[in-house]
Amino acid sequence: MSAVKKACIIGGGVIGGGWVARFLLNGWDVSVFDPDPQAERKINEVLANARRSLPSLYDKALPAEGALTFHADLAEAVAGAAWIQESVPERLELKHKIHGQISELAGAEAVIGSSTSGFKPSEINEQGARAVVAHPFNPVYLLPLVELVGNADTCVRASDILCSVGMYPLTVRKEIDAHIADRLLEAVWREGLWLIKDGICTTEELDEAIRMGFGLRWAQMGLFETYRIAGGDAGMKHFMAQFGPALAWEWTKLMDVPEFTEELVELIAGQSDAQSGHMSIRELERLRDDNLIGMMRALKKSGSGAGGTINDHESTLPEPEPVDLTITVSRPIPQSWTDYNGHMNEAHYVEASAQATDKFMEMIGCGADYLAAGGSYVTVENHVRFLDELHEGDLLSITTQVLKGEGKTMHLFHRLQKADGVAATVETLLLHMDLNARGTSLPTDEVAAKLGVFAQQHAGLPKPDGAGRHVGQR
Ligand SMILES: NC(=O)C1=CN([C@@H]2O[C@H](COP(=O)(O)OP(=O)(O)OC[C@H]3O[C@@H](n4cnc5c(N)ncnc54)[C@H](O)[C@@H]3O)[C@@H](O)[C@H]2O)C=CC1
Ligand SMILES: C[N+](C)(C)CC(=O)CC(=O)[O-]
């Protein structure tokens, strides 16, 4: 991958704005070219949404944001960019015009991507351009999928860059109109329009049919893995035998496209207003993003689907720099940790300190292999002091001091710190446990020795202010 971390985004609407946020929040400098005088305002609105959501996917801090610049001159915007992404409206003559200009201006090593939803790379490039299709999904700053289509070597270079900003490149084996995902979405949309036009359901009822059922399944297992399970013990063969005949029945209208009349547009738009008109688009976006974060964090636990991509990306993010005391957590406060009082809810102080304990356990050799072999530490007591408010987006770092590390006992003192001081302390007492016998036990000699080294180092530090307190102590 090129050492120059500059991305140029051409067309800063819904999708271009999402690309800006994806690169910028992953530490890239971003230049924007969009003649719309409203482009800067719109992009800043997308960025505000991205800043409150993307960092919440991770338990480590993302790199420091890059610099964002807006340019009236295309050549100036493109200069020095390692990634150039075109996201202008879906009109082939406009794509030809802009890709003709980009090809002349871009460096030879630059990856040139088009966000096109449906055009094939051979169509985009038919006047001599050298773009690959890099088709993302809205919101681009949260959803990892990018369909890559086109020149194989460029797609390999594009994949590396996309992975480095936390995305999931899926290289399409052969070019085809609308790639893979939009063909599926188009089929569902077309069928949905029929069902509403024919009075079978409303937009709201159709959405319930998706989100109360198969929509929940698809984010974690997709279509084929889900249907394999639906075949029971006999799996996919039984599923095919049972439901294959239905393919020949009239369960879909396939390419029978509903006529796009004014009446149909009014019907759909009117029902959509009745369904969702009580919320602005920005409010809907924030609701969508909060729900996506919750779901993706659940997937992160099992490493399924998009959760695996988040874990892979997180493993490439740098560990915090050690200072006097070991930093065991460095992360932003996610929006989902805040409550009706407008600050971090008390439960998450314990959650954050549990993350610090887990990290410290790893550092003394009590990681996944040790746990699998049946050894662990369990918390038997916590004392939390809430000293200052923590808010969404604050960078939280936790230092961990060993008060005692001897025999079965591990006694830790976590300081939860934000930029301007200590926001809370959590004193936590843990005992070593044999997970097979379900009783306390001594740690292995190796773990005991590593814990002992920390205990000895920290013994020279002053006793922390607030250690050993009881509830209500002044
Ligand atoms: N909206 C969606 O859900 C998705 C759209 N796409 C694709 O992304 C592309 C852009 O779509 P949207 O962002 O939805 O459109 P949009 O209409 O929101 O944004 C297009 C932007 O391009 C700018 N623009 C127009 N002419 C330009 C030019 N000559 N040079 C630079 N900027 C120019 C406009 O001012 C506008 O800000 C399309 O190819 C679309 O198929 C891909 C994935 C999802
Ligand atoms: C409707 N659409 C074709 C623009 C959709 C996409 O291209 C992808 C998405 O985000 O749904």
Side-chain angles (χ1 to χ4, degrees), residues 8-22 30-47 49-50 70-78 81 84-106 112-121 123-124 129 131-149 162 167-170 172 176-193 207 210 215 218-219 260 268 272 281-282 284-285 288-289 292 306:
C8 170
I9 306 301
I10 297 170
V14 175
I15 293 305
W19 278 112
V20 170
R22 173 64 79 168
V30 177
S31 59
V32 177
F33 175 79
D34 187 324
D36 179 359
Q38 296 296 317
E40 189 165 345
R41 175 190 59 79
K42 287 191 204 163
I43 286 174
N44 278 317
E45 285 179 12
V46 177
L47 265 173
N49 277 354
F70 293 87
H71 303 266
D73 177 36
L74 183 63
E76 202 182 284
V78 165
I84 299 161
Q85 183 72 21
E86 166 275 305
S87 303
V88 302
E90 188 79 347
R91 296 201 319 267
L92 193 54
E93 83 288 354
L94 181 59
K95 305 256 183 207
H96 283 159
K97 186 172 156 226
I98 204 86
H99 279 285
Q101 294 166 344
I102 298 170
S103 301
E104 284 181 10
L105 297 168
I112 303 169
S114 170
S115 297
T116 177
S117 296
F119 295 124
K120 302 187 283 278
E123 292 171 297
I124 300 277
V132 291
V133 167
H135 176 235
F137 289 77
N138 190 32
V140 182
Y141 51 84
L142 286 184
L143 297 188
L145 181 62
V146 181
E147 293 176 305
L148 281 177
V149 203
L162 292 169
M167 301 188 90
Y168 182 86
L170 179 67
V172 180
I176 183 170
D177 294 302
H179 332 308
I180 299 171
D182 273 354
R183 295 183 75 86
L184 300 174
L185 288 176
E186 182 85 352
V188 173
W189 192 47
R190 193 187 303 118
E191 194 60 37
L193 291 179
D207 282 354
I210 294 174
W218 278 2
F260 222 77
I268 300 288
S272 173
I281 296 295
R282 291 286 169 262
L284 284 169
E285 282 174 347
R288 173 201 65 191
D289 290 358
L292 282 172

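Just so you know, ligand 1 is whichever comes first in the structure, and atom 1 is the first atom listed for that ligand.
- Ranking protein heavy atoms by distance to atom 19 (O) of ligand 1, first place goes to G13 CA, 3.3 Å.
- When each atom of ligand 1 is checked for a heavy atom of D36 under 4.0 Å away, the hits are 35 (O).
- Distance from atom 7 (C) of ligand 1 to its nearest protein heavy atom, with residue and atom name: S115 O, 3.3 Å.
- Here the heavy atom of the protein found nearest to atom 10 (O) of ligand 2 is N138 N, 3.0 Å.
- Between D289 and Y141 the shortest side-chain heavy-atom distance falls below 4.5 Å.
- The shortest side-chain heavy-atom distance between K120 and D177 falls under the 4.5 Å cut-off.
- Put simply, the side chain of V140 reaches to within 4.5 Å of the side chain of M167, judged on heavy atoms.
- Residue G11 has at least one heavy-atom neighbour below 4.0 Å for each of these atoms of ligand 1: 22 (O), 23 (C), 31 (C), 32 (N).
- Protein heavy atom at the shortest distance from atom 31 (C) of ligand 1 is P35 CD, 3.4 Å.
- Ligand 2 has no atom lying under 4.0 Å from any heavy atom of E186.
- Checking only distances, E90 does come within under 3.5 Å of ligand 1, N or O to N or O.
- At a threshold of 4.5 Å between non-hydrogen side-chain atoms, the residues I210 and W218 do not count as touching.
- Within the 4.0 Å heavy-atom criterion, both parts of F33, backbone and side chain, lie near ligand 1.
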field: Full working for side chain to side chain contact (heavy atoms under 4.5 Å, CB included) between I98 and I10
entry: CA-CA 9 Å; I98 204 86; I10 297 170; 3.9 Å; yes
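- For atom 23 (C) of ligand 1, the nearest protein heavy atom (residue, atom name, distance) is D34 OD2, 3.3 Å.
- Atom 15 (O) of ligand 1 is never approached by the protein to below 4.0 angstrom, counting heavy atoms only.
- In this structure, K95 is part of the shell of residues with a heavy atom less than 4.0 angstrom from ligand 1.
- The shortest distance between side-chain heavy atoms of P139 and N49 does not fall below 4.5 Å.
- Note on E45 versus R41: salt bridge recorded, some NZ/NE/NH1/NH2 to OD/OE distance being below 4.0 Å.
- Looking at residues two or more places apart in sequence or on another chain, you find a side chain to side chain donor-acceptor pair (under 3.5 Å) between S115 and W19, Q85, S87.
- Using a 4.0 Å cut-off between charged side-chain N and carboxylate O, K42 and D34 make no salt bridge.
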message: Evaluate F33 against E76 for side chain to side chain contact (heavy atoms under 4.5 Å, CB included), listing each step before the verdict.
response: CA-CA 9 Å; F33 175 79; E76 202 182 284; over 6 Å; no
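- The closest non-hydrogen atom to atom 20 (C) of ligand 1, taken over G12, S117, S87, comes from S87.
- In summary, the atoms of ligand 1 found under 4.0 Å from a heavy atom of P136, numbered by their order in the structure, are 43 (C).
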task: Evaluate side chain to side chain contact (heavy atoms under 4.5 Å, CB included) for N138 paired with R288, printing each intermediate quantity in order.
output: CA-CA 11 Å; N138 190 32; R288 173 201 65 191; 3.7 Å; yes
task: Test L162 against L148 for side chain to side chain contact (heavy atoms under 4.5 Å, CB included), laying out the working first.
output: CA-CA 10 Å; L162 292 169; L148 281 177; 4.0 Å; yes
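- Heavy atoms from other residues, nucleotides or ligands lying under 6.0 Å from CZ of F137 number more than 12.
- At least one side-chain heavy atom of E90 sits less than 4.5 Å from a side-chain heavy atom of F119.
- Where the criterion is an N or O separation shorter than 3.5 Å, residue side chain and backbone included, L94 fails it with respect to ligand 1.
- For atom 3 (O) of ligand 1, the nearest non-hydrogen atom of the protein is N138 CB, 4.2 Å.
- The contact set between ligand 1 and I98, taken as ligand atoms under 4.0 Å from a residue heavy atom, comprises 29 (N), 30 (N).
- A 4.5 Å side-chain heavy-atom check between V132 and P121 finds every atom pair outside the cut-off.
- In terms of protein heavy-atom proximity, atom 18 (O) of ligand 1 is closest to V14 N, 3.1 Å.
- Residue contact annotation: P89 has a non-hydrogen atom under 4.0 Å from ligand 1.
- For atom 1 (C) of ligand 2, no protein non-hydrogen atom is found at a distance below 4.0 Å.
- The N/O atoms of K42, backbone and side chain alike, include none that comes under 3.5 Å of an N/O atom in ligand 1.
- With salt bridges taken as basic N to acidic carboxylate O contacts below 4.0 Å, one links E285 and R282.
- Every atom of ligand 2 is numbered from 1 in the order shown, and the set under 4.0 Å from a heavy atom of D182 is 3 (C), 5 (C), 6 (C), 7 (O), 8 (C).
- At a heavy-atom distance under 4.0 Å, only side-chain atoms of H135, from C-beta outward, approach ligand 1.
- Nearest residue to atom 9 (C) of ligand 1 from I15, V88, T116 is V88 (criterion: closest heavy atom).
- The protein heavy-atom contact nearest to atom 9 (C) of ligand 2 is F137 CD2, 3.5 Å.
- The protein atom (non-hydrogen) at minimum distance from atom 4 (C) of ligand 2 is S117 OG, 3.4 Å.
- Heavy-atom contacts of L185 reach the following atoms of ligand 2: 11 (O) (cutoff under 4.0 Å).
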